Amino acid sequence: VNVAVIMVGGPTKGTRFRPLSFNLAKPLFPLAGQPMVQHPILACKKIPSLAHIYLIGFYEEKEFALYVSAISNELKVPVRYLREDKPHGSAGGLYTFRDLLMEDNPVNIFVMNCDVCCSFPLSGMLAAHLKYKGIGTLLVKKVSAESASEFGELVADAETGELLHYAEKPETFVSEWINCGVYIFTPEIFLAIENVASQRNNDATLRRISSFEALQFTTKSAQTDFVRLDQDILTPLAGKKQLYTYETGDFWEQIKTPGMSLRCSSLYLAQYRLTAPELLAKGDGVKSATFVGDVYVHPSAKIHPTAKVGPNVSISASARIGPGVRLIECIILDGVEIKENALVLHSIVGWKSIVGRWARVQGGGNYMTRLGITILGEDVQVEDEVVITNCIVLPHKTLNMSVQDEIIL
Ligand code: GDD
């Protein structure tokens, strides 16, 4: 039997995702029409004898209750949300629920970060993991030297695949190979986490004996229940024939900002061509709108036949797209109305917002920069003929003048 865990984090981690994280937990934000967390959940279908999928985080239970019951029914595999009372770090979170995770007596525990976008090649990883016979196998990818420093950098043995050296977001360059945040562990990982925690406790006791400053001791000892998978576990275990790597050549991105969610939405839409072509909109060109490239449209959305949509557009439930509207590279959320002849380009339009006639909502298209796209929060109104370029607009604003390169609070 195997189990899977998806680390969903919590609200304090979502600050870079504002204003979209005001409304719902970041893991539930739709990418290519499906909640972010659903992409790793659906990838779990590739895991043989899967007993449970657990989401571990410190969001309130109610934020995930409806979602986990719906997806459990759909998948026919129980999906449960486990709430930490406070952040314990990625390894500490796992360790908190070790008894529960071990209830099914799993041979392997698949662990995935929720905020990565990739093809989750779990079958290939499992085959490699069984061959290596280590306590853990991590998914790795080669990226450019400039971008590697944002991630865990590592060195692996080219022949055996063994993880030889690991440094989390190092200041000086280590390697172009990075940790993708997808792992398979045997239950021995809990022992490794326990060892780190008890080592720290010993250190703390030693410090208490020798320390002059009691205050310093209290802050240090408080950290013993905060253990990170990367720097606290992978770094000390590297080079000990316990951890191995599995390389992916497929797409991989991290989703920390709204701009990256737009890019990742397009990667998942492109993946649908191979995995779920039925999710891509197909127009007949006469009675339906014109679709260009990869487009997702929720069945309850209404699109006027004279609208032109795509490439890379996802349109959520109950959205209404008027006559002559042009949508390119954008995410249109639930209940949005786009009125006639408006244009939306490189943008995310928040829940129940209204874009007026002949208005333009647009971004420059550089997803890596903060203002490279336009984001309208929930219930924003862009009046007729107004042009909004490279702006982040907080919820409930009415825009009656054109603006550029601004954060509208
Ligand atoms: N449950 C829970 N509790 N989840 C957590 C906690 C916690 O206390 N802290 C972080 N997470 C979750 C996050 O939501 C995310 O899915 C994952 O664990 C990793 O988050 P961070 O620890 O903040 O690390 P990171 O995202 O900056 O970088 C990690 O992932 C990269 C790949 O995306 C590192 O492991 C990097 O080495 C790696 O390249």
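The shown structure was predicted, so the numbers you read here are calculated from the model rather than taken from an experiment. Start at 1 with the first residue, then count along the sequence. Numbering of ligands and ligand atoms starts at 1, following listing order. Hydrogens, waters and symmetry mates play no part in the numbers below; they use all other heavy atoms, side chains included.
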Checklist entry - Do any pairs count as a salt bridge (Lys or Arg N to Asp or Glu O under 4.0 Å) and have a residue in residues 93-105, sequence neighbours left out, and if so which ones? => result none
Checklist entry - Can S144 and S147 be counted as having a side-chain donor-acceptor contact under 3.5 angstrom? => result yes
Checklist entry - Nearest to atom 24 (O) of ligand 1 by heavy atom, K86, Q254, K26, K169: which? => result K169
Item to check | NZ/K46: more than 12 non-hydrogen atoms of other groups inside 6.0 Å | outcome: yes
Item to check | F58 N/O under 3.5 Å from ligand 1 N/O | outcome: no
Checklist entry - What residues form a side chain to side chain donor-acceptor pair (under 3.5 Å) with N23, not counting sequence neighbours? => result E378
Next on the checklist: Among G93, G89, P87, which one puts a heavy atom closest to atom 6 (C) of ligand 1?
Outcome noted: G89
Checklist entry - Which atoms of ligand 1 sit under 4.0 Å from any heavy atom of Y183? => result 35 (O)
Checklist entry - Which bit of D230 gets closer than 4.0 Å to ligand 1, counting heavy atoms only: side chain, backbone, both or neither? => result side chain
Next on the checklist: Check this for me, if you would: do D334 and K352 make a salt bridge, where the nitrogen-to-carboxylate-oxygen distance has to be below 4.0 angstrom?
Outcome noted: no
Checklist entry - Among the heavy atoms of I56, does any lie under 4.0 Å from an atom of ligand 1? => result yes
Checklist entry - Which option out of C118, G9, G152, G181 puts a heavy atom nearest to atom 11 (N) of ligand 1? => result G9
Next on the checklist: Regarding R263 and E253, does a basic nitrogen lie under 4.0 Å from an acidic carboxylate oxygen?
Outcome noted: yes
Item to check | Contacting atoms of ligand 1, where contact means under 4.0 angstrom from a heavy atom of G57 | outcome: 1 (N)
Next on the checklist: Please report whether the ring centroid of F110 lies less than 6.0 Å from that of Y183.
Outcome noted: no
Item to check | Proximity flag Y59 to ligand 1, non-hydrogen atoms under 4.0 Å | outcome: no
Checklist entry - Would you say S353's side chain and Q381's backbone share a donor-acceptor pair under 3.5 angstrom? => result no
Next on the checklist: Geometry only, no angles: is Y166 polar-contacting ligand 1 at N/O separations under 3.5 Å?
Outcome noted: yes
Checklist entry - What about the rings of W252 and F151, do their centers lie closer together than 6.0 Å? => result yes
Checklist outcome for this item: For N113, the ligand 1 atoms with a heavy-atom partner under 4.0 Å come out as 16 (O), 17 (C), 19 (C), 29 (C), 30 (O), 32 (C), 33 (O)
Item to check | Subset of ligand 1 atoms that lie under 4.0 Å from at least one heavy atom of V8 | outcome: 14 (O)
Checklist entry - Which of the atoms in ligand 1, numbered in the order shown and given with their element, are less than 4.0 Å from a heavy-atom of C114? => result 16 (O)
Checklist entry - Quick one: does R228 get within less than 4.0 Å of ligand 1, heavy atoms only? => result no
Item to check | Ligand-residue contact atoms, ligand 1 with K256, heavy atoms, under 4.0 Å | outcome: 25 (P), 26 (O), 27 (O)
Checklist entry - Ring centres of Y54 and F97 under 6.0 Å apart? => result no
Next on the checklist: Under a 4.0 Å threshold between the charged nitrogen and the carboxylate oxygen, would R320 count as salt-bridged to E337?
Outcome noted: yes
Next on the checklist: Show me which atoms of ligand 1 lie under 4.0 Å from any heavy atom of V116.
Outcome noted: 33 (O)
Item to check | W252 and ligand 1 - part of the residue with a heavy-atom distance under 4.0 Å | outcome: side chain
